[in-house]
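Right, one structure below, let's go through it.
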Amino acid sequence: MLSCSGLVSRACLSVVSLILAGCYTGLSGANDESGPPPPPPPPPGSNGPLGVPEVTPLELDALSPDPAPGGVAFDLHLTGAGFTRSSVVVVAGQELPTTFVSGGELHAHSGPRKRGDYPVFVRRDGEESLPLTLAVDRSAPRILVPAQVEVDEDTEVGLAIDVVDVADPAALRVHLLGLPPGATWDEPTRRFSFTPDFTQGGDTWTVTVLAHDGESRVETTFDVVVHDTIRPPAPEIVDTEFLDGSGYVRYTLSQWTDDYLDSPGYAGRAFTAKVMVPLEVPPEGVPVRVGLHGFATANPGGTGSASEIRISPHDPDNTYWWGYATSLPEDPPAAGGAAPDYTVRRILHLVEYVLRNYPEADPARVHIYGSSMGGAGAMVIGLLRARHFAYVDARLGQAIARNHRPGRITQLSGWWGEPELDLDGGGGLPAWDHMDLTRALVESSEARDQFLFLKHGKDDPTIHFGAAVLPSARTGESFYAALQHQRVGHFAVWDEGGHGIADPVLGDGWWTGSWSPIHGDEATLRRDRAFPAFTASSLDDDPGVGAGNGKQDWSDNAGFAGDVDVAGDTGWEGAVAGAIGRFLRWDGASVVDTVDRLQFALRVHAGDGANPPAAGYPSKGDLVLADLPAYVDVTPRRAQAFRCRPGERITWAFGKARGEVVAGPDGSVTIPALPLTDTWTTLVLRRSLAVITASH
């Protein structure tokens, strides 16, 4: 046997070559007369011709990792035999980028895959191994969103959110949390939409996207950045008053206008406003109240409070807190023109100023109040710009602009143009129709999420009771009816009072002894907190439908109003005095609002009060006369996380009662006829798996 050891010489290599070639006859060079020696055994692993090793049979022994992680890219390791540099790993019919490590090992790279079982084999020069099964486990969805969305003020931005690698597309839910105020999320189309107004520039919101496919739940975020592109002049403090014993300081401001806060012909003038700020502020901050004055008020209010910041704007032109034609003052309003909401903008500009300059101001507890012209303004601003306000307190206000009495229509036509001219109030909608708040409730989910307190008088000759009970020519519904039909949170009262004159029998403030929705412990309203809207309560009184009862003739100015000093002479049919939504409470501290669960503690507040002063009148204070339970429809509003998609089934529990409801076309759900007693009982809503076609 030939042996070469140590350094292999050229001669030794030659000998080896000859042996392998089968032509070496010995060291002497003589031929072996017995014939050629048998060929050497083939190299291991080869059964082919001498010198041409046969390729090892292609085999696949194992895969790693198995199971592979779902929803993310991964490297697949294969062991077996017969691998060459031409070998390719094939998963579910797809060739993967493959790295040759050795004849017994390959590496391949796979993109993210859904959970499931996949056939895997190795392909080599047209030959394929027997497959193995690769299990892909825990295939979480992947959410595809940009890191940042940028938008200018008064400009719409839309973002379609894509979710891939979903185990069961039919079970996929996608929720958005932390939306900017005024932004919307349409889950069926998976579209985020936002049109920031001019007060939201310079702010950034981080939105969380949560996707759940029935098995895996994943989250990611994106930032919404609003560029500050509209910059009206900042208000200037021109006077500061520390009022002894008042508990607050009063600032007088000059609010200078530009052509965003004013028509071009008026721009450059200044309006006076006042801001009252408490001297002592709790750690949690204080609410902010915007107070709107009535018609023909010479100066903005200046009364403050030690428990909240108060903003008192001024509308000396009596624009009803809306705005006016762009052509003014040079030219009167004319067909084809526009009447933007300049006055509304000035109010929001003051709110922005306070929130940015007084850190003690709580942006989640801004509310708006007004009476008469101020009541109409509070409703208009509080509903059309609901993203900024937690609560609306509106008294003696007209909710449908085209229903104003003739004299007021004439006065307002000088600002907005005559109703038939249809001056554009924004977005192509006539200004007069912007201020039809029954329309706003139908068309705006932002408006439907508002809560309102309302007060009207049946003997009010100035803004008569028709403001609440006469229908809109546009929608066919009265304001009271629209609030009920659209399931909007409200507490409405009426009596036989006049325009700022108390009811001759009940007096003022008879409807409650405890209602404090911003400052109270039980029913604290916040812009960022869900609340239950109560409608169709068995405790509700009958306001009538706007018809007469025969006691008064109809007047275009006063409706069916009687003499405010004479009890029982009102010409409006229905209860002479009463309320809708009275006695109904929820505990703000009890609210739980997640994507899976929503709950509130509810009750009838049966407290102290007095019996009715005469037959046909309601009780005073918090005295409940009806037997309990009261049956009430409950619609969650302003939910931050527990938003439903149309047709979604929602299960609910309330004490021993159980049921299921279906979300309507706007995603709202209403639990009908809940039995409320004077004991706190928690309403709990949870999601079901099924979704059906919304039928209502």
Side-chain angles (χ1 to χ4, degrees), residues 181 198-200 202-203 231-258 261 269-294 297-316 321 343-375 377-378 381-382 385 388-395 453 516-521 524-528:
F198 77 100
T199 72
Q200 294 177 295
D203 291 333
R231 299 181 178 181
E236 299 177 0
I237 297 176
V238 296
D239 188 39
T240 302
E241 300 171 271
F242 291 90
L243 306 175
D244 292 339
S246 68
Y248 63 89
V249 58
R250 181 167 60 208
Y251 300 99
T252 300
L253 309 179
S254 284
Q255 186 180 23
W256 296 92
T257 66
D258 60 1
L261 299 182
R269 60 178 170 166
F271 289 85
T272 299
K274 293 182 180 178
V275 175
M276 286 65 72
V277 180
L279 294 172
E280 296 184 6
V281 178
E284 67 272 16
V286 292
V288 177
R289 187 181 88 155
V290 181
L292 306 183
H293 62 70
T297 299
N299 297 294
T303 301
S305 166
S307 61
E308 63 186 6
I309 293 176
R310 291 188 175 179
I311 303 172
S312 292
H314 197 202
D315 185 8
W321 299 103
T343 314
V344 174
R345 295 175 189 178
R346 286 199 297 105
I347 308 315
L348 297 181
H349 188 39
L350 288 171
V351 173
E352 180 190 16
Y353 166 81
V354 167
L355 294 180
R356 294 193 186 279
N357 289 277
Y358 297 91
E360 61 266 44
D362 185 351
R365 290 189 289 161
V366 179
H367 56 117
I368 189 165
Y369 166 86
S371 182
S372 188
M373 182 180 86
I381 299 172
R385 301 294 185 270
H388 298 296
F389 299 97
Y391 170 59
V392 173
D393 185 333
R395 308 184 185 211
F453 172 80
S516 183
I518 290 295
H519 296 280
D521 294 331
T524 301
L525 282 162
R526 295 178 58 89
R527 190 186 64 182
D528 57 359

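Source: prediction; values computed, not measured. Hydrogens, waters and symmetry mates play no part in the numbers below; they use all other heavy atoms, side chains included.
A salt bridge does not link Arg345 to Asp258: none of the charged nitrogens lies less than 4.0 Å from a carboxylate oxygen.
Using a 4.5 Å cut-off on side-chain heavy atoms (C-beta onward), Ser312 and Met276 make contact. Counting heavy atoms from C-beta outward, Phe453 and Arg395 have side chains that approach closer than 4.5 Å. In this structure the side chain of Leu253 reaches within 4.5 angstrom of the side chain of Val275, judged on heavy atoms. Between His519 and Glu308, the closest side-chain pair of non-hydrogen atoms falls below 4.5 Å. The shortest distance between side-chain heavy atoms of Asp393 and His367 does not fall below 4.5 Å.
In Arg356, the CZ atom is crowded: over 12 heavy atoms of neighbouring residues, nucleotides or ligands sit closer than 6.0 Å. Within 6.0 Å of CD on Glu280 lie no more than 12 heavy atoms contributed by other residues, nucleotides or ligands.
Atom CG of Leu292 sits about 11.5 Å away from atom OG of Ser372, to the nearest 0.5 Å. To the nearest 0.5 Å, atom CG of residue Asp315 and atom CZ of residue Phe271 are 7.5 Å apart. With rounding to the nearest 0.5 Å, the separation of CD1 in Ile311 from NZ in Lys274 is 14.5 Å. Taking OH of Tyr391 as the reference point, atom OH of Tyr369 lies at 10.0 Å (rounded to 0.5 Å). The distance from the CD1 atom of Ile381 to the CG atom of Leu348 is 6.5 Å, given to the nearest 0.5 Å.
Evaluation of the ring pair (Phe, Tyr, Trp, His ring centres under 6.0 Å) rule for His293 yields His314, Trp321 as partners, not counting sequence neighbours.
Residues in residues 242-252 take part in these side chain to side chain donor-acceptor pair (under 3.5 Å) pairs, two or more places apart or across chains: Glu241-Arg250.
Counting only distance, with no hydrogens or angles, the side chain of Gln200 and the backbone of Pro181 share a donor-acceptor pair below 3.5 Å. For the pair Arg346 (side chain) and Thr257 (backbone), a donor-acceptor distance under 3.5 Å is absent.
Taking all atoms of both residues into account, the shortest heavy-atom contact from Pro287 to Ser307 is CD-O, 3.5 Å.
The aromatic rings of His349 and Phe198 lie tilted to each other, with the angle between the two planes from 30° to 60°.
The one candidate from Ile309, Val366, Asp362 that meets the side chain to side chain contact (heavy atoms under 4.5 Å, CB included) condition with Leu355 is Val366.
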